[in-house]
Amino acid sequence: MGVTSKKKLTQYERLAGTLRDRIAAGTYARGDKLPSEMELMDESGLSRSTVRHALKVLVDEGLVRTEGGGGAVVGDTPPHHQ
């Protein structure tokens, strides 16, 4: 049984990583609204639940906050990569 050294990322992890990279690169600055769930679904080809899971990961990391009915916004915490 071989074990690969690289873990295969799930779809939500890949999307969260893409959004995290865009935040770090300044594509989305503090206070900027992220694309809507529907826009992210169209862009990525992923389901709504997968997009929501990716956004929840970023919220849990403090990179993004959600505003009731207003979508996701880049938080005030500077992005940090592990």
Closest approach of [X] and [Y], non-hydrogen atoms and distance?
X	Y	result
R65	V74	NH1-O, 3.4 Å
T27	D32	O-OD2, 4.2 Å
V51	S44	CG2-OG, 4.3 Å
A72	L55	CB-CD2, 4.3 Å

Look at the side-chain heavy atoms of Ile, Leu, Val, Met, Phe, Trp and Tyr, link any pair under 4.5 Å apart, and say whether Y28 and M38 land in one connected group.
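Yes, because Y28 and M38 connect within a single hydrophobic cluster, where side-chain heavy atoms sit under 4.5 Å apart.
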Using the rule that two of Ile, Leu, Val, Met, Phe, Trp, Tyr join whenever any of their side-chain heavy atoms come within less than 4.5 Å, decide whether L63 and V59 are in one cluster.
yes
How would you list, by chain and number, every residue that makes a side chain to side chain donor-acceptor pair (under 3.5 Å) with T50, sequence neighbours excluded?
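So T50 forms a side chain to side chain donor-acceptor pair (under 3.5 Å) with S47.
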M41 side, atom CE; E39 side, atom CD - distance, nearest 0.5 Å:
11.5 Å
Contact between L19 and L40 at the side-chain level, heavy atoms closer than 4.5 Å - yes or no?
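They are in side-chain contact.
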Residues 11-18 side chain polar contacts: donor-acceptor under 3.5 Å, at least two apart:
from	atom 1	to	atom 2	distance (Å)
E13	OE1	T10	N	2.8
E13	OE1	T10	OG1	3.1
E13	OE2	K7	NZ	3.1
R14	NH1	L9	O	2.9
T18	OG1	R14	O	3.0

Which residues satisfy the salt bridge (Lys or Arg N to Asp or Glu O under 4.0 Å) test with K56, sequence neighbours excluded?
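Salt bridge (Lys or Arg N to Asp or Glu O under 4.0 Å) list for K56, sorted by chain: D60.
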